[in-house]
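Whatever order the structure lists them in is the order used to number ligands and atoms, beginning at 1. Numbers here are sequence positions counted from 1.
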Amino acid sequence: MTPPLRFAAFGAGFWAPYQLSAWREVGGVECVAIYNRTRKKAEAIARRFDIPAVFDDPLRLLNEIRPDFVDNITEVGGHKPLSLLCARSRVPCICQKPLAASYRDAAEIVHAFRRTGTRLFVHENWRWQVPMRRLRALIDSGAIGPPLRARLSMVSGFDVFANQPSLRRLERFILTDLGTHLLDVARVLFGEGRSLYCRTARTLAPRVRGENLATVLLVMGETETHVTVELGYARTPLEPSVREIFPQTLAFIEGPRGSIELTGDYVIRLTTARGTRVTRHPPPRYGWADPRYEVAHASSVPCCGDLLRGLRGQDGGETSGDDNLKTLRLVFAAYESARTGRAVTL
Ligand code: 89Y
């Protein structure tokens, strides 16, 4: 039997308990230490998850514990310094999204791991959501033909700042926090971006530093699919269950032979000349997941499973640092387009 990989968690914030629960669900790993700047928070998580060692100095943790990998679950400010520390110590690392606050920093991180021959992955879970996998399978099946046009949308009035107050303070907000996810899904479904145009806005409520509305129009893949990505956290009053369905992504995909629509409650409608087939693709229910984040938390399980295969050098690890740079290229090109008012050729 393969021995479990010993890992260290960096960070004890909102996402840490969910990710640690997802790892328990996957198995084949053991959390042997946790680091957090505020030691008390790390101690609380350590008690809850039976983690034997607690540190408030990440380098000491790496030197004393020598984990097989680090799961860096800190907020974005911690991603660059802590990931680079792992690269210098030649400890493989999974970093939370967004990998960095700028493309240049993200590229520096990826190159540091490449230079030291150390594995780097990004915990990009959106593409692992059950309905997203289903969209991928339907497109791959050829049921609607090569996609001509698509819309991916996540527009919500949900108070994301209640659980993640640091999001209010980000200079670049919705494209880095949520755009990373939807643009990653867009790449998985439609291929690499060829060009994009983006508009952003910041509304009066809620009070945030960065943009909280964004619309991105992309041309993607070999068949030059037109893809619109809509992002919004403007406390907009939306019809419950139909439009207010945080954190579900809605989608509409049109092809020469049919269309696919993903609506609320994980319902997928596939329409071809033969008629419409309606199916439901809910995520598995986990006792540890916050029901308000159900589909997002549940997707960490297959995401961690795939990352573990990647860490073991098996077939897996889709969301490598290199792969994630392609998503971040879209994210930061969107900021460039919003700033200049021009389309960006990629
Ligand atoms: O931080 C974000 C994420 O990764 O999923 C949803 C979220 O919590 C708020 O946009």
Can you tell me the protein heavy atom closest to atom 2 (C) of ligand 1 and the distance?
Asp177 OD1, 3.2 Å
To the nearest 0.5 Å, what is the distance between OH (Tyr35) and CD1 (Ile65)?
15.0 Å
Of the protein's non-hydrogen atoms, which lies at the shortest distance from atom 3 (C) of ligand 1, and what is that distance?
His181 NE2, 3.5 Å
Is there a side-chain hydrogen bond (donor to acceptor under 3.5 Å, both in side chains) between Glu230 and Ser153 once you walk through the steps?
CA-CA 5 Å; Glu230 299 169 327; Ser153 169; 3.0 Å; yes
For atom 6 (C) of ligand 1, what's the nearest protein heavy atom and its distance?
Trp126 CH2, 4.0 Å
So the atoms of ligand 1 within less than 4.0 Å of a heavy atom of Val160 turn out to be 9 (C)
Side chain or backbone of Phe161 under 4.0 Å from ligand 1, or both, or neither, by non-hydrogen atoms?
neither
Charged N to carboxylate O below 4.0 Å: is that the case for Arg127 and Asp323?
yes
Look up atom OH in Tyr233 and atom CG in Asp159, then write down how far apart they are to the nearest 0.5 Å.
11.0 Å
Under 4.0 Å from a heavy atom of Tyr233: give me the atoms of ligand 1 that qualify, with their elements.
9 (C), 10 (O)
Taking N or O atoms only and a 3.5 Å limit, does Lys97 qualify as a polar contact for ligand 1?
yes
Using residues 101-110 as the side-chain source, report each donor-acceptor pair under 3.5 Å to any protein atom, sequence neighbours left out, with the distance given to one decimal.
| residue | atom | partner | partner atom | Å |
| --- | --- | --- | --- | --- |
| Ser102 | OG | Asp105 | N | 3.1 |
| Asp105 | OD1 | Lys80 | NZ | 3.1 |
| Glu108 | OE1 | Lys80 | NZ | 3.3 |

Identify, for atom 8 (O) of ligand 1, the protein heavy atom at the shortest distance, and state residue, atom and that distance.
Gln164 OE1, 2.7 Å
Evaluate the side chain to side chain contact (heavy atoms under 4.5 Å, CB included) criterion for residues Thr118 and Cys86: first the C-alpha distance (whole Å), next the side-chain angles of each, then the deciding distance (0.1 Å), finally the verdict.
CA-CA 9 Å; Thr118 311; Cys86 291; over 6 Å; no
